Structure formats: structure tokens, C-alpha cells
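Notes for the one structure printed next.
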Amino acid sequence: MTTTVKTVKNWIDGSWVDSRATTQETVPNPATGETIATVPLSTVEDVHDAVVAAKRAYEEWKVVPVPERARYMFVYLEKLKEHREELAQLITKENGKTIKDARGEVQRGIECVELATSTPSMMMGDALPNIAGGIDGSIWRYPLGVVAGITPFNFPMMVPLWMFPLAIAAGNTFVLKTSERTPLLAERLVEIMHETGLPNGVLNLIHGGKDVVNGLLEHPNVEAISFVGSEPVARHVYQTGTANGKRVQALAGAKNHAVVLADCEMEKTVQGVIGAAFASSGERCMACSVVAVEESCADQFMSILTRETEKLTAGNGSRDEHFVGPLIRQSHKDRVVRFIEKGVEEGANLVIDGRDPVVEDDGYYLGATLFDNVTPDMTIWQEELFAPVLSVVRVKDLDEGIALTNQSRFANGAVLYTSSGRAAQYFRNSIDAGMIGINVNVPAPMAFFSFAGNKASFFGDLGTNGKDGIQFYTRKKVVTERWFN
């Protein structure tokens, strides 16, 4: 059966329009390598068209009553629920993650829209009467204007929904630049949003690469940029955006560690580490990529971990029996294979080699890969692999595990497995990571908490979601007033 190849367009001012691009990229299904779409690498002129449309729409949208803006989100929420399975299937088709993981992503995206429905409460200001004789003080929140979001391939539904629902409900208009590797899910999100009756120009979608990114970063009418992606690009986005006077939140790379103490629930810990390391093919910024295990239980841990990891199968994510789906592109697989080879060369013990998994399709597959006896001087410990590759480091105790984790230039997430409340408290107070789990495998916060790491994992002052999100997408005005009549 021949797959229909879709030609992707931009969404500007309420309609699909052709890009001025002279260059396109193909979008393959990572599970089969079969082309499913072509995406334009749009131009700076296309960006300008989208920003102009958003700027024009902002003048009316900003004065729409906040409860009315929130009602669009209530309708959107119900429509996303109606399309839940369609969206999950589309994620698996263009991203490659297993259908189970895709359904989980859809749910997390829906939770972000649930947060946006509460915008009227979150935008409320503060007031204090009689701060001096006959004088009152108050704080009011207002939208910024045109804001933009630049999103990655690995969570094509959840990450855009971190951004535009909250930004729009707060009174801004939005330009979304989604990953050129996963354009189809973004199209559906925009289409469904406009089924709510959202006015034209409030939400716009531009496909493309670095020209679009730089066009948004440099455009004088874009007030703020939200970004999720790799560390080098995050640095560029933050530095360029702020140099152009924009508010920027740039979520970057990670090297998340789990610390396993001898008093943990061992079987549950192993299953948790497996899910955190190998689900979503390791292509997530909250994946566990290093486990620091107390020496006293390391042999037991490795025995169980090896046994259970060997049970995992790689294959087409549309089939429920597979735990590890394909990587996003062949070029990324080649990159990860070079890291694995480097790990062997530098002396790590390759316990399970996933470089040549037995699979039924011609996609970009890498099976679950496990290293033991990794040390901090090794490349596989230092770099973000973004793949189903797990490194085990043996440490003397909790202090050494914390020191190891804090030695990384990244500080996104960290997890402790223990039965000790005292150890958990000490870990929470001592670890550098911005998101912490205690016997929680992937410490990704719910949408009503903020999401952001520390160190080289985050550039900016306010994270996504929660109170941080609403503060990022609004500006404050402090009013001091006195009346004589």
C-alpha cells in the first residue's frame, strides 16, 4: 500500500498558505523510513507575515474579557479529548514513540490545556488599601503582545501545549514554530484550536529551520520567545533573543541521574529505572541516562537490571508488544552508535549492546543499551545521548552519588531511590537539579507546577507551566493611587 505524502503548509491569519520556501525536507515515518510528508523551510518573509497577522489580531484579542478567552480553552480541552486516539496515532507515526508513550503524551498535553482554563484565577493581581494616608496600592497583570514558541520533535503535542494555550488565554497572540521533523501533529493542534472559533491571527504556525528561528528572535514585534531543545541552540536562542530585547525561556539539554541506595525497594527501583531510561526511546529531556548505585547493592542491581532489560523488544511503536521504538532519524542513530563505540573504547563495560536489534521494519532502530562501570571522565557520562542508552556508575554512598550528579554541567532532573526519609531530605537539599524525584521514576511536574532545570539545562528566569508560565506571558503594572473626589 502506497502512503499518501502530504505537502505541509503554514497557518497564517486563519488559513493555510504556501510558504515562499525554495527548499523542503522530507518527513519519514521513523519506524519504516517511508516518506509521509514534505515540509517547507520557510523564509524570514513568511515569519514576517505571521507576526504581522498576530500583531493585528492582538489589538482586539487583548481586550477580550479574560473569562471569555478561557472559554475557548474549555472548548479546546473537550475537542482534544475527542481526538485523543487520533492524536496519539499521529505522534507514533511521525515521531516513532510507542503508542503507549504517545497516549501518555496526549494526556500530559491535555493537562496543560486544563491549566490554561484557570487563567482568570492566575492573572489576578494583588492589592493593599491604605498603604499611606488615603493612598491604595495594587498590581495588575497585562499580556505582552506577540509571543512565539519554538518546539522540539520529541514531544510534538505536549510542548506546544505548554506554550500557546496559556499564552493565548493570558491575552497574547502566538506564532508557533514547530520542529520540521514532526510537523503533522502541530497542524492538527492548530486545526482543532480553530474549530473553537478562535479569531484569525491569534494563533499562527510557521514551518522551517534556522531562518525561521532567527527571524522570530530578531523580529521587532515579537515580545517573548519560549524554546525547548538542545543546549547549543538554547544558548543561541537565549543570547540572541535577549540581545534583541525579548523575554526568553530556553529549556535545554539534560544528563539526568538516578541515585540508588541499598535500602531501596530493589525490584520496583529496577522497573522504574528501565521505564525512565528506555521509554520514548530515551528521546526526552527527563530520561534517566545515568544510575549511580551504592557499591553494596550494585551487583544485585545489575543482575536484575540486566535480566529485565534483556526482555525489552525494539520495533514499530504502533504494535503494543514493543517497548523501544525507533529513533527520530538515521543520522541521530549514527550519532548514538558513535557514542556507544566511544564508551567501549574508553573502557566502559558494554553489558547489553542494542546497536543491531532484531526488528521487522526498516526504520531507525536502536535497542536498549546498558553500560556498567562508567566513570565521569568518559564521554558517555558527560554528553547527552538522547537515546535508549543507560550508564551505571558505582559509588560508595549517597554523598558520592550526589557529588557525581552535581558534577554534570546539566541539572535538569534527578531521582533518589530509598526507604529513608532522612536520605530523601538530604538529597533534596543537596542536589543541583531543578526537578527532583523520590522513588518517582520521571520527575516531570504536573502542569500546575513550573517546569525548568538549572545550570546548562535552562536559560532564563521563569520556567514553563504553573505560576511561572503565567508570569512569563504577562507584564505587571504597579498602581499607587489617591482620590480627592
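These values consider heavy atoms only, across backbone and side chains, with no hydrogens, waters or symmetry-generated copies. Please read all numbers here as calculations on a predicted model, not as lab measurements.
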- prompt: Are Glu383 and Arg409 ion-paired here, with the side-chain N under 4.0 Å from a carboxylate O?
  reply: yes
Heavy-atom side-chain contact between Glu111 and Phe448 under 4.5 Å: no
- request: Return the minimal non-hydrogen interatomic distance between Pro156 and Glu94, and the atom names on each side.
  value: CB-OE2, 4.4 Å
- request: Give a yes/no verdict on a cation-pi contact between Lys177 and Phe227, requiring under 6.0 Å between NZ or CZ and the six-membered ring centre and an angle within 45° of the axis.
  value: no
message: I'd like to know if Glu345 pairs up with Lys342 as an ion pair, taking the criterion as any Lys NZ or Arg NE/NH1/NH2 lying under 4.0 Å from an Asp or Glu carboxylate oxygen.
response: yes
field: Minimum-distance pair of heavy atoms, taken over all atoms of Met435 and Gly453
entry: CE-N, 4.0 Å
- prompt: Taking atom types as modelled, is there a side-chain donor on Glu346 or Thr379 under 3.5 Å from an acceptor on the other?
  reply: yes
- prompt: Do Asn172 and Pro143 have side chains that get closer than 4.5 Å, going by heavy atoms?
  reply: yes
query: Does some side-chain heavy atom of Arg284 sit less than 4.5 Å from a side-chain heavy atom of Met158?
result: no
message: Salt bridge or not between Arg319 and Asp361? Use side-chain N to carboxylate O under 4.0 Å.
response: yes
task: Flag the pair Glu191 and Arg188 as a salt bridge only when some basic side-chain nitrogen lies within less than 4.0 angstrom of an acidic carboxylate oxygen.
output: yes
query: Does the side chain of Met163 reach to within under 4.5 Å of the side chain of Phe174, using non-hydrogen atoms?
result: yes
Glu195 CD to Ile192 CD1 distance, which is reported to the nearest 0.5 Å: 6.0 Å
Side-chain heavy atoms of Phe459 within contact of Thr242, under 4.5 Å: no
message: Show, in sequence, the C-alpha distance, side-chain angles and deciding distance for Thr119 and Leu166, and conclude whether the side chain to side chain contact (heavy atoms under 4.5 Å, CB included) test is met.
response: CA-CA 7 Å; Thr119 300; Leu166 195 59; 3.9 Å; yes
task: For Asp362, look at atom CG and say whether over 12 heavy atoms of other residues, nucleotides or ligands are found less than 6.0 Å away.
output: no
- prompt: When rounded to the nearest 0.5 angstrom, what is the spacing between CG in Leu366 and CG in Leu385?
  reply: 9.5 Å
Please tabulate, one pair per line, all N/O donor-acceptor pairs under 3.5 Å involving side-chain atoms of residues 36-47, not counting sequence neighbours.
residue: Ser42; atom: OG; partner: Asn10; partner atom: ND2; Å: 3.0
residue: Ser42; atom: OG; partner: Ser19; partner atom: OG; Å: 3.2
residue: Ser42; atom: OG; partner: His207; partner atom: O; Å: 2.6
residue: Thr43; atom: OG1; partner: Glu45; partner atom: N; Å: 3.3
residue: Thr43; atom: OG1; partner: Glu45; partner atom: OE1; Å: 3.2
residue: Thr43; atom: OG1; partner: Asp46; partner atom: N; Å: 3.1
residue: Thr43; atom: OG1; partner: Asp46; partner atom: OD2; Å: 3.2
residue: Asp46; atom: OD1; partner: Arg20; partner atom: N; Å: 3.3
residue: Asp46; atom: OD1; partner: Arg20; partner atom: NH1; Å: 3.2
residue: Asp46; atom: OD2; partner: Ser19; partner atom: OG; Å: 2.7
residue: Asp46; atom: OD2; partner: Arg20; partner atom: N; Å: 3.2
residue: Asp46; atom: OD2; partner: Thr43; partner atom: N; Å: 3.0

statement: When rounded to the nearest 0.5 Å, the distance separating CG of Asn95 from OG of Ser281 is 8.0 Å
- prompt: Passes side chain to side chain contact (heavy atoms under 4.5 Å, CB included), His236 versus Lys210? Steps please.
  reply: CA-CA 11 Å; His236 170 75; Lys210 63 181 181 180; over 6 Å; no
Glu341/Arg338 salt bridge by N-O under 4.0 Å criterion: no
- prompt: Are the charged groups of Arg103 and Glu85 less than 4.0 angstrom apart, N to O?
  reply: yes
query: Would you find a donor on one side and an acceptor on the other, under 3.5 Å apart, between the side chain of Tyr365 and the backbone of Ala31?
result: yes
statement: OG of Ser408 to CH2 of Trp381, rounded to nearest 0.5 Å, is 5.0 Å
Identify each donor-acceptor pair in which a side-chain atom of residues 70-77 lies under 3.5 Å from a protein atom, sequence neighbours left out, and give them as a table.
residue: Tyr76; atom: OH; partner: Leu189; partner atom: O; Å: 2.9

- prompt: Do Asn200 and Asp13 have side chains that get closer than 4.5 Å, going by heavy atoms?
  reply: yes
Donor-acceptor under 3.5 Å (Asn454 side chain, Ala411 main chain): no
task: Walk me through it: do Glu78 and Lys81 pass the test salt bridge (Lys or Arg N to Asp or Glu O under 4.0 Å)?
output: CA-CA 5 Å; Glu78 293 309 308; Lys81 290 178 180 178; 3.6 Å; yes
query: Looking only at heavy atoms, what is the nearest atom pair of Arg181 and Val27, with distance?
result: O-CG1, 3.6 Å
field: Shortest non-hydrogen contact between Gly208 and Glu180, atoms and distance
entry: O-OE1, 3.0 Å
query: According to the interplanar angle, ranging from 0 to 90°, do the rings of Trp11 and Trp16 count as parallel (below 30°), tilted (30 to 60°) or perpendicular (above 60°)?
result: perpendicular
message: Applying side chain to side chain contact (heavy atoms under 4.5 Å, CB included) to Arg475 and Glu223, what does each step give before you reach the verdict?
response: CA-CA 11 Å; Arg475 58 167 53 95; Glu223 302 295 333; 4.2 Å; yes
field: From CA spacing to verdict: side chain to side chain contact (heavy atoms under 4.5 Å, CB included), Lys97, Glu283
entry: CA-CA 9 Å; Lys97 67 176 63 176; Glu283 291 179 321; over 6 Å; no
Thr369 and Leu350, any side-chain heavy atoms less than 4.5 Å apart: yes
query: OG1 of Thr309 to CD1 of Ile274: how many Å apart, nearest 0.5 Å?
result: 4.0 Å
field: Test item: Asn244 side-chain N/O and Pro220 main-chain N/O as donor-acceptor pair under 3.5 Å
entry: no
- request: Would you check if the side chain of Lys476 reaches a backbone N or O of Ile139 as a donor-acceptor pair within less than 3.5 Å?
  value: no
message: I'd like to know if the side chain of Ser457 and the backbone of Gly253 have a donor-acceptor N/O pair within less than 3.5 Å.
response: yes
task: Give a yes or no answer on whether the side chain of Thr35 reaches the backbone of Gly33 with a donor-acceptor pair at less than 3.5 Å.
output: no
field: Expected output: side-chain Glu384 to main-chain Ala254 donor-acceptor under 3.5 Å
entry: yes
query: Under the 3.5 angstrom rule, does the side chain of Glu105 hit a backbone N or O of Met157 as a donor-acceptor pair?
result: yes
- line: Here the pair of heavy atoms bringing Leu327 nearest to Val336 is CD1-CG2, 4.2 Å
task: May I ask you to test the Leu216-Ile206 pair for a side-chain heavy-atom distance under 4.5 Å?
output: no
query: Listed by chain and number, what are the side chain to side chain contact (heavy atoms under 4.5 Å, CB included) partners of Leu462, not counting sequence neighbours?
result: Asp468, Gln471, Phe472
message: Using 0.5 Å steps for rounding, measure from the CG atom of Asn204 to the CG atom of Leu176.
response: 9.5 Å
field: Minimum-distance pair of heavy atoms, taken over all atoms of Arg355 and Val337
entry: CD-CG1, 4.0 Å
message: Using a 3.5 Å distance criterion without hydrogens, assess whether the side chain of Thr92 forms a donor-acceptor pair with backbone atoms of Gln89.
response: no
Asn465 side chain to Phe451 backbone, donor-acceptor under 3.5 Å: no
